[in-house]
Amino acid sequence: MNKKPLLLSAAVLALFAAGIFQSRDALLGHISAVHSASMQAAGTQVFAAGMNNAEVQKGASPLSLGNRRPQSSAAPSADLAQAPRPPQQAPQNPAPTQPGARDVPPAVDESALRYFAARGDTARLQAEIARLKALYPNWTPPADPAAAAPTGDPQLEGIWQLYAAGRYSEARKAIADRQAAEAGWQPPDNLTEMLGLAEARQRLVNASDLKQYNAVIGLAAENPSLLTCSEVDVLWRVAEAFARTEKPERARDAYGYVLSNCQNPAERLATVQKASALLPLDMMEDLLSREKPGPDGQLEFEPVKDDLARQFVAKAGEDPKVNVPPAYLSRMERLAETNKLANDALLLGWYNVEREKMDDAEKWFRRAREVEDSASASEGLALALVARGEPREAEEIMFKWRGSSDGAHATYLAAAANLLALDPPVALDPDVLQRIATETVAQKDAATAQEFGWYSRAFQQPQMAQQWFSTALQWKPEDEPSAYGLALTYQDLNNLAEVRRLQRQWGSQSQRIMEVGRPVAQSSAVAAAPAVTAPAPVQPQSRAMATAPRMVSPQATAVAYEPPPPRQARAVRGARQSQRCSANLNPESLSAQDALQQGWCLMEANRPAEAVKAFSAALKVGEPSVRSDAAYGQSLAYLRMGLTDNAAVSATKSSMDRQKATELQVAILTDRALAAYESKHYEEALILLDQRARYATERIDLMVIRGYAYLNMKRYGEAVQVFEASAATGNADAIRGLAAVQNARPSRGPQGG
């Protein structure tokens, strides 16, 4: 039996108004839309035409998986199906050829026609009329198909009933039984062909439901007549099969065929929605460009663009490499502003976190929490706050949600560690310290235990510091920063035996542990400023880690942190009042005190160049206390201008108290370390960072700089140690640094530099 090319009626498209078949009968029984001998009556094209008969006969695959560009609607891609056009087939019951035969109505099988009319299936009725007209040009359809004379073949009517009910195997058996009983009887061509196509559709749908995607593609190749606008559900399933088998271009072609050739509005909307869940955004932009205006002038995809914007932003919130089309990002922001839904704000929050736009992320997470205080919103806000240097609020926010997930636990501990690591350290409430300590012990988190050690040292509690550093080493024996802190603490406690023990244990891996207790020469910068005295090294918190053998540590118990003694609050300088500064005021005409106040006022207004002049005037005639503040202010002004050397000179112009001197020394060494790194003087940068660590805790961002300095010097082992310690706080730059080391270091060889 010859296969005939598929004929489709525009009326068949009405079957899909809801986007998918709504019943089993509708799915399996749209029979007349799958068969015709003439393409002239088709309402749409077969999915992919263009391969000639000779190509098919030579064995060309009807389903090509090669890389092809999407085709236009005028020339659909050959990647999914080829539908050659066979020659016209003669009717099954041709009219007699004697004279006058042309006036005799042809013998036409109207059983399907009558069946559709009786069921009120207008779409398939019209398609069947079109099919019969193509086969029998002289045939005239009955005025009332439902009242047409019966064929007098109740057995055939019964087979049609089985087909319509989707009982295909029973229909096949009924045909076989009649052929066995009646020699020479053959079923109508349209019945057998539609039965075969329905069975193929059923197999394809079953394979799709079972996620047997290669089988779906194979069945589509064997049955190109299914790949048409009247079988949009099949097209969707084939497109999904391509996407699931890592052939997104072919999936895009399938979805694109629907948008370029099929006209049903509901199907077109559903196509875009289905594609958005499976295709990358660059391919979605191509599909969305095929949007058409509707009868009312509104663009057809407008009803789903809000959902598309949410999908796009959600994908980009998981992958920073995904770029959301600007129009859809703006739409998402408008949605979040107007609808005030927590989920919309959350999507934008995580989108900005992935792009390290923490200010924007904080804004959206706060809006989400205003609507609904959730674990996700709190975690995102905490990450943004930690990145902005506000770990106190982050810890408070996350404490409630710390047990909601592993990620929430990690975020809470990162906030707690950053809170303890603030420089200068802040005196926390006993309740806050106790809850952080309890959670640290419960989770056996070495990073936070280490921070407790440094925090204890900052408040001159060496016994407590010794407990925390020892606890951290029990949980993570290879943690070099904790070993370093423990060595310094034993030095403070004058426990030289334990210092020597640690030096013997770590000496081959940590030079700075070996230096504990030895005199260290001051840098030239410090020596050049005799009035700037250096404090005792209470926070040498360089967290570079070193690989070490497992050590025997004292058994740690739950450590209850004792609240530190309150620190003396710094005197509030009247000069730092946010008073309005006069731009026309000459500081030389002011008294020393007024010039000093003018300098601080200008610093508050972020006018450091003018502030330098005001402080200079105060330095000339002021009392010792005024001169000290003026020298301090002028140094800060130069630092803000990026003139580090000038700042160091200003620091020598008057004696300062220890606190001011320490702040300036830390700032100067920080600027010089960063400048050295930017100039690619990596060894000098490391020396300056080490010097800075004697006066203040090393911030996470400086730890990252240290790690990259080691990386650039090819000291991979030390780089890994620093990045691992920093990454434990959730720092994204440190995590990227770890990956950079793994890519740069040789696969074999020594671990260190």
Legend entry - Donor on one side chain, acceptor on other, Trp350 and Glu354, under 3.5 Å: no

Inset, instruction - Mind checking the CG-CG spacing from Leu433 to Leu420? Nearest 0.5 Å is all I need. - result: 7.0 Å

Legend entry - Salt bridge Asp701-Arg699, side-chain N to carboxylate O under 4.0 Å: yes

Inset, instruction - Measure from NZ or CZ of Arg457 to the centre of the six-membered ring of Phe459 and say whether it is under 6.0 Å with the direction within 45° of the ring axis. - result: no

Inset, instruction - State plainly whether the residues Asp344 and Arg334 are in salt-bridge range, i.e. N to O under 4.0 Å. - result: no

Inset, instruction - Show the numbers, then the answer: is there a ring pair (Phe, Tyr, Trp, His ring centres under 6.0 Å) between Trp454 and Phe469? - result: CA-CA 8 Å; Trp454 297 115; Phe469 284 132; 5.1 Å; yes

Legend entry - Over all atoms of both residues, closest heavy-atom pair of Trp364 and Asn352: CD1-ND2, 3.7 Å

Inset, instruction - Give, for atom OG1 of Thr440 and atom CD of Gln450, the distance between the pair rounded to the nearest 0.5 Å. - result: 12.0 Å

Legend entry - From CZ (Arg715) to OH (Tyr682), nearest 0.5 Å: 13.5 Å

Legend entry - Sidechain N-carboxylate O distance under 4.0 Å for Glu337, Arg367: yes

Legend entry - Donor on one side chain, acceptor on other, Gln467 and Gln463, under 3.5 Å: no

Legend entry - Min side-chain heavy-atom separation Leu688-Leu674 under 4.5 Å: no

Inset, instruction - Would you please say whether a donor-acceptor pair under 3.5 Å links the side chains of Ser591 and Asp594? - result: yes

Legend entry - Residue that, paired with Tyr412, satisfies side chain to side chain donor-acceptor pair (under 3.5 Å) out of Glu395, Glu439, Arg402: Glu395

Legend entry - Arg355 side, atom CZ; Asp360 side, atom CG - distance, nearest 0.5 Å: 11.5 Å

Inset, instruction - Verify whether one side chain among Arg369 and Ser374 offers a donor that lies under 3.5 Å from an acceptor in the other. - result: no

Legend entry - Salt-bridge present (Arg512, Glu480; N to O < 4.0 Å): yes

Legend entry - CG on Leu689 to CD on Glu684, rounded to 0.5 Å: 10.5 Å

Inset, instruction - For the residue pair Glu379 and Thr411, confirm or rule out a side-chain donor-acceptor distance under 3.5 Å. - result: yes

Legend entry - Basic-acidic side-chain contact under 4.0 Å: Asp429, Arg435: no

Inset, instruction - For Arg388, check side-chain contact (heavy atoms from CB on, under 4.5 Å) against everything at least two apart and list the hits. - result: Asp359, Glu362, Arg366, Leu385, Glu390

